[in-house]
There are 2 protein chains.
Amino acid sequence: MLIQLNFKSGLPVYLQIVEQVKAAIASGILRPGESLPSIRPLAEDLRINRNTVAKAYAELENQGVIETAAGKGSFIKDSQTPYRKEVRRQLLAGAVDAAIVQAYHLQFTPAEVLELVRDRLGAFEQKNPGHALKN
Amino acid sequence: MLIQLNFKSGLPVYLQIVEQVKAAIASGILRPGESLPSIRPLAEDLRINRNTVAKAYAELENQGVIETAAGKGSFIKDSQTPYRKEVRRQLLAGAVDAAIVQAYHLQFTPAEVLELVRDRLGAFEQKNPGHALKN
DNA sequence: CATACTGTCATAGCACACTATGACAGTTGT
DNA sequence: ACAACTGTCATAGTGTGCTATGACAGTATG
């Protein structure tokens, strides 16, 4: 599990950690049941404060991505979102809309956007067989 | 020139403006010599403070993307060349991948993702007829 | 010249990201 | 039990993103 921080991006460090952990799970690098690095060593590794890592983990637990217990550590949860379908759809729509705005600025046609999405979905599926995104 | 802000993303608003203006230039929507919206009207439009827009423009000028003169306005510098297709594709792929990771965590199937993308593309097209995203 | 636009600067206040540090509580291994 | 690990909570200080507002200067238009 490698985490790369970009201090100039403007995106809060704790959110960068959240994103990268979620991406690692999404990509199969981290699997359900596996443990995350403990807070203090990771903070030292990344040369940031303990609280920043703790905040990232708290956010991940809040999102239902990990489970954490004082004294034991933090572990990847079996991914089962507590959200209802409509809520999940709205959440995903946000990310999709961001991509569409980007596509607009970069002058892609809807057909090209769809093709690219198909492409990326395919690449993702190939790298991570057997997860929730399979057909 | 359409700018869409996401207040929950954690990315500072002024940087979102910078990014989207640069993307618009990259795609050729904004051409050298053209003027940007003036600070006050744009701020009112986006319902943010004048200073936030001013900061975005200052950053753009600092990066050499635009030229700005008190009393006249802000203008795209002529040293800009639209990115090539492959570069634009990579930029878009980043946003698409972010949405796909999100979709994984929200347990959507690829088919559902594609359907949602089609949906949002349609909604966007309906709201903004005649723009670069039309087929 | 006067008015209405443009960008710029200064100040003040609020929220939050991050740091720093200390203290406490649960778990594990010896 | 003890030591060494785990996460958690509290407090305080710094920096900065954003808002709000007022004042000023350059430019264009009449």
Side-chain angles (χ1 to χ4, degrees), chain A residues 1 3-22 24-25 30 32-77 98, chain B residues 1 3-22 25 30 32-77:
Chain A
M1 183 59 195
I3 291 186
Q4 273 269 351
L5 298 181
N6 181 353
F7 294 94
K8 294 180 294 182
S9 74
L11 193 66
V13 169
Y14 85 100
L15 285 181
Q16 291 183 42
I17 297 173
V18 167
E19 268 187 18
Q20 291 186 37
V21 167
K22 286 170 75 174
I25 297 170
L30 291 177
E34 279 186 38
S35 69
L36 273 73
S38 32
I39 290 181
R40 274 164 242 242
L42 180 56
E44 195 178 344
D45 221 48
L46 300 176
R47 301 187 176 189
I48 58 181
N49 193 269
R50 318 189 304 234
N51 294 342
T52 304
V53 177
K55 187 170 186 180
Y57 280 19
E59 176 64 20
L60 283 167
E61 178 164 38
N62 198 49
Q63 290 184 23
V65 178
I66 67 174
E67 223 163 10
T68 163
K72 291 175 79 174
S74 302
F75 302 86
I76 313 292
K77 251 176 136 178
Chain B
M1 184 57 197
I3 291 186
Q4 182 163 313
L5 299 180
N6 181 353
F7 294 94
K8 292 180 294 182
S9 74
L11 193 65
V13 168
Y14 85 99
L15 285 181
Q16 291 183 43
I17 297 174
V18 167
E19 268 187 18
Q20 291 185 36
V21 169
K22 287 171 74 174
I25 297 171
L30 291 177
E34 279 186 38
S35 69
L36 273 71
S38 35
I39 290 182
R40 273 163 243 243
L42 180 56
E44 195 178 343
D45 224 48
L46 300 176
R47 304 189 174 186
I48 58 180
N49 194 269
R50 319 190 304 236
N51 294 342
T52 303
V53 177
K55 187 170 187 180
Y57 281 20
E59 175 65 20
L60 282 167
E61 179 165 37
N62 199 48
Q63 291 185 23
V65 177
I66 68 175
E67 225 162 8
T68 162
K72 293 174 78 173
S74 301
F75 302 86
I76 313 291
K77 264 193 169 175

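Proteins get letters first, then strands, A, B, ... in listed order; numbering begins at 1 in each.
Shown here is B/E44, whose CD atom has no more than 12 heavy atoms of other residues, nucleotides or ligands within 6.0 Å.
When the local axes at the two ends of the helix from C/dC1-D/dG30 to C/dT30-D/dA1 are compared, using 5 base pairs at each end, they differ in direction by 20° after rounding to 10°.
Residues A/Y57 and A/S38 have side chains not in contact (no heavy-atom distance under 4.5 Å, counting atoms from C-beta outward). Between A/L42 and A/L36 there is no side-chain heavy-atom pair separated by less than 4.5 Å.
In this structure, the CZ atom of A/F7 is 12 Å from the C1' atom of C/dA17, given to the nearest Å. Atom CG in A/L11 sits roughly 16 Å away from atom P in C/dC16 (whole-Å rounding). In this entry the distance linking CD of A/E44 with C1' of C/dT19 reads 15 Å, nearest Å.
With hydrogens and angles disregarded, no donor-acceptor distance shorter than 3.5 Å links the side chain of A/E59 to the backbone of A/L15.
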Under-3.5 Å N/O pairs linking protein and nucleotides 4-6 of chain C:
| residue | atom | partner | partner atom | Å |
| --- | --- | --- | --- | --- |
| C/dT6 | OP1 | B/S38 | OG | 2.3 |
| C/dT6 | O2 | B/G71 | N | 2.9 |

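Residues passing the side chain to side chain contact (heavy atoms under 4.5 Å, CB included) test with B/E67 are B/K77, sequence neighbours excluded. B/S35 is linked by a side chain to side chain contact (heavy atoms under 4.5 Å, CB included) to B/F75, counting only residues two or more places apart in sequence or in another chain.
Counting 5' to 3', DNA chain D first comes under 4.0 angstrom of a heavy atom of chain A and last does so at the ends given by D/dT6 to D/dA10.
Using a 4.0 Å cut-off on heavy atoms, the residues of residues 52-61 of chain B that approach DNA chain D are B/T52, B/K55, listed by number.
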